[in-house]
Protein chains: 2
Amino acid sequence: MSRMARPRKPLLSRERIVATALTLADEEGLPAVSTRRLAAELGVSGPSLYNHFTTKDDILDAVADAVVAQVDLSMFNGDRDWPDALTAWSRSYRAALAAHPNIVPFLAQGPGRRPAGLRMADAVFGAMTAAGWPPAQATRIGALMRYFITGSALASFARGFVNDATTYDSVAYPHLGQAHLLAERQQSVDEGAFETGLRALVDGLALQYAATT
Amino acid sequence: MSRMARPRKPLLSRERIVATALTLADEEGLPAVSTRRLAAELGVSGPSLYNHFTTKDDILDAVADAVVAQVDLSMFNGDRDWPDALTAWSRSYRAALAAHPNIVPFLAQGPGRRPAGLRMADAVFGAMTAAGWPPAQATRIGALMRYFITGSALASFARGFVNDATTYDSVAYPHLGQAHLLAERQQSVDEGAFETGLRALVDGLALQYAATT
DNA sequence: ACCTGAACACCGTTCAAGT
DNA sequence: ACCTGAACACCGTTCAAGT
C-alpha cells in the first residue's frame, strides 16, 4: 500500500503557534501578541494562523491551557491528607502562573473548561471526595481555591505598582502608611497575603470538614 | 467682582464620559467600549475624549473606580466585630462587581491604587488594626480578601459556560459527572463556592487571630 | 478651552487565488 | 491542505486647524 510522497511539510503547527505565542507574551507582554505580529514571529503571513485556529481567542485559550498544564497534580495521588495536598497544589498552581504573568489576565477570565483546567478540577474533586467530602462541597472547594489563586496571581503580577507619592495622601487615607505602598514592598505583601490566605482557607475548610463528617 | 459670561458650556465632562462608558460596557460588553464608539455614544468625535483623559486606559480606570466606589464600607464603623465586618464587606464588594460584570476583567488587573480602592484598603486596614491585628497582618488581610473576591467575580461573571457535551468526556475526566458542568448549574456553584470560601477564610483568620493575640 | 477632520500605524478576519 | 496578498471594517492616538 504505497502513497504518494508527502508534499513539503507545513510551515506551521498548533504546537509551534502556541509555543511562539507564549514566548512572545512572556517577553513583550500580551498586547504584543497580535495575529500579525505572531505570524511575523513565525515567518508567515497573518491569515495563515486561521488554518490552525478559528480565532485569536482560540490561540490564547490554547496558550492558557499550556500554562495550566504545568501545574503539578501528583500530590493528589493519595499519599497525603487533603489539607496538605490542597496546600501543595495551590503553591504549584500559583508558581505556574507566576512563570507566565502576562497570560494571567486572559487565563483568569475563562472558567476552567479547557483540557488542563478540567484535568485539574477532576483531580481536586476526586481527591476531596476520596477524603470524605460530599460531592457538592468538593466541587465548591475546587472552584473557591481557583478563585483565590487566580485572583492572587492577577493582582500580584498584572500591573506594576505606581510609585507616586502624591497618590497616597496621608490625609485622605489616614491608616495607610507610605511604607506600606511602596513598589518594592508589593511583592512581599503579595507573597505574605497569599500564604496567609492559603492557610486561612485550608484551616477554615478543616473546621467545616470536622463539622460535617 | 464680575466676570465675562461663560462661553457655551463644554459638550463633555469626565463624569459624563465615565457614566456613558459604564452603561456601554454593561449593555454591550467591554469590547464595545472603543474610543470611537464611546465618542459616538456621547455625540462627539473620537479625539474629543483626549481633552478629558490622557488615554483609554485612564477612562477605564475611572470606570472601575466608580464601580468600586459603590462598595459599602459602613460595616467598618466599629459597631461590629471584625469577622462580621469582613464578611459583610466581602458580600457588598462582590455585589458591586456583580452589578457590572463586564468591567470586572479590567478592574481585576490593576492593584487597587485608585481613590475608591485606596479608601477601601484604608477602611479594612483601619478596622483590622483597631480590632487588634498587627499592621502587617492587617495589610495582608485586605489584600487576600481582594484576591478572593475579584477572582471569584472574574470566574463567575466573565465568560459564559460552554454547554458542550463533547467537551466533558467521562473517560478523560472520570470524577466529573456531566450534571456538575451544565451551564444552569454554574451560577449556583459560583455562589456556593463564594460563600463556602468566605466562611473558610474568616474562620481560618479567626484561628490565626486567637493564636497571635 | 474644547472640539473637529485628516492622518498614522496599527488591528482581527474573510476570501479568492495560488501550490 | 496550507499559505498568500488584497481587502474590509475596524482600532488608539496625534496634530494642525477651527471656534
Side-chain angles (χ1 to χ4, degrees), chain A residues 2-22 24-25 27-64 102-103 105-107 109-110 158-159, chain B residues 2-22 24-25 27-64 102-103 105-107 109-110 158-159:
Chain A
S2 72
R3 286 165 176 266
M4 296 294 294
R6 284 275 186 169
R8 62 169 164 17
K9 49 186 311 198
L11 297 172
L12 293 179
S13 68
R14 288 176 63 97
E15 292 69 27
R16 207 164 80 82
I17 292 169
V18 169
T20 305
L22 181 55
L24 187 54
E27 292 178 350
E28 303 192 35
L30 200 52
V33 187
S34 69
T35 56
R36 295 167 123 109
R37 176 68 199 282
L38 174 56
E41 215 66 34
L42 288 157
V44 298
S45 78
S48 302
L49 300 172
Y50 292 87
N51 285 295
H52 305 269
F53 291 92
T54 55
T55 191
K56 184 192 170 184
D57 264 29
D58 261 18
I59 299 175
L60 292 180
D61 269 332
V63 172
N102 295 333
I103 198 70
F106 180 86
L107 183 148
Q109 288 180 53
R159 277 206 281 186
Chain B
S2 71
R3 286 165 176 268
M4 296 296 292
R6 286 274 187 170
R8 59 166 165 23
K9 49 188 311 200
L11 296 173
L12 294 178
S13 68
R14 289 176 63 97
E15 291 72 25
R16 206 163 81 82
I17 293 169
V18 169
T20 304
L22 181 55
L24 187 55
E27 292 177 351
E28 304 191 36
L30 200 53
V33 186
S34 69
T35 56
R36 296 167 122 111
R37 176 68 199 283
L38 174 56
E41 216 65 37
L42 288 158
V44 298
S45 78
S48 302
L49 299 171
Y50 292 87
N51 286 295
H52 303 270
F53 290 93
T54 54
T55 193
K56 183 192 171 184
D57 263 29
D58 261 19
I59 298 175
L60 292 179
D61 268 333
V63 172
N102 295 334
I103 197 72
F106 180 86
L107 183 148
Q109 289 180 51
R159 277 206 279 185

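Throughout, a chain's letter reflects where its sequence line sits, starting with A, and its residues are numbered from 1.
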Nearest whole Å is fine: how far is C:dG12 P from A:L38 CG? 9 Å
Please assess A:V33 against A:N102 for the test side chain to side chain contact (heavy atoms under 4.5 Å, CB included), listing each intermediate value before the final yes or no. CA-CA 10 Å; A:V33 187; A:N102 295 333; over 6 Å; no
Once you apply a heavy-atom cut-off of 4.0 Å, does A:S34 come out as touching a base, just sugar-phosphate, or nothing? sugar-phosphate
Could you check A:G46 against A:R36 and say which one's nearest nucleotide on DNA chain D is further toward the 5' end? A:G46
Measure OH/A:Y50 against P/D:dA1 and give the value in whole Å, please. 21 Å
Under a 3.5 Å cut-off for both contacts, is D:dA1 paired Watson-Crick or G-U wobble with anything, and if yes, with which nucleotide? C:dT19
What is the minimum heavy-atom distance between B:A62 and B:V18, and which atoms define it? CB-CG2, 3.6 Å
Measure from CG on B:L30 to C1' on D:dC11 and round the result to the nearest Å. 14 Å
Nearest-neighbour nucleotide for the B:V44 side chain, C:dT14, D:dT13, C:dT4 considered: C:dT4
Taking the side chain from B:R14 and the backbone from B:I59, do they hold a donor-acceptor pair closer than 3.5 Å? no
From the candidates C:dT13, D:dC15, D:dG12, the one with an atom nearest any side-chain atom of B:P47 is D:dC15
Across all strands shown, which nucleotide pairs with C:dT14 by Watson-Crick or G-U wobble geometry, both distances under 3.5 Å? D:dA6
Out of curiosity, A:L42 CG to A:T20 OG1, how far, rounded to the nearest 0.5 Å? 4.0 Å
Whole-Å gap separating C1' (C:dT4) and CG (B:L12): 12 Å
Counting heavy atoms from C-beta on, name the nucleotide in C:dG12, C:dC3, D:dT13 closest to the side chain of B:K56. D:dT13
Of the listed C:dT4, D:dG12, C:dG12, the closest approach to the B:S45 side chain comes from C:dT4
So, is A:H52 close to the D:dA1 phosphate, meaning a side-chain N or O under 4.0 Å from OP1 or OP2? no
Taking CD1 from A:I59 and C1' from C:dT13, how many angstroms apart are they, rounded to a whole number? 12 Å
Name the closest nucleotide to the A:P10 side chain, picking from C:dT14, C:dC3, D:dC3. D:dC3
Output the single nucleotide from D:dC3, C:dG12, C:dT4 whose closest atom is nearest the side chain of A:N51. D:dC3
Calculate the interatomic distance between B:R14 atom CZ and C:dA1 atom P; express it in whole Å. 17 Å
A:T55 side chain near C:dT13 phosphate (N/O to OP1/OP2, under 4.0 Å): yes
C:dC2 phosphate, OP1 or OP2, under 4.0 Å from B:S48 side-chain N/O: no
Find the distance between CG (A:L12) and CZ (A:F53) and round it off to the nearest 0.5 Å. 10.0 Å
Roughly how many Å is it from CZ in A:R37 to P in C:dG12, rounded to a whole number? 12 Å
Taking the side chain of B:T35 as its heavy atoms from C-beta onward, which of C:dC2, D:dT13, D:dA7 lies nearest to it? D:dT13
Roughly, in whole Å, what's the span from CD in A:E28 to P in C:dC10? 13 Å
Working to the nearest 0.5 Å, report the span between CG of B:L24 and CD1 of B:I17. 13.0 Å
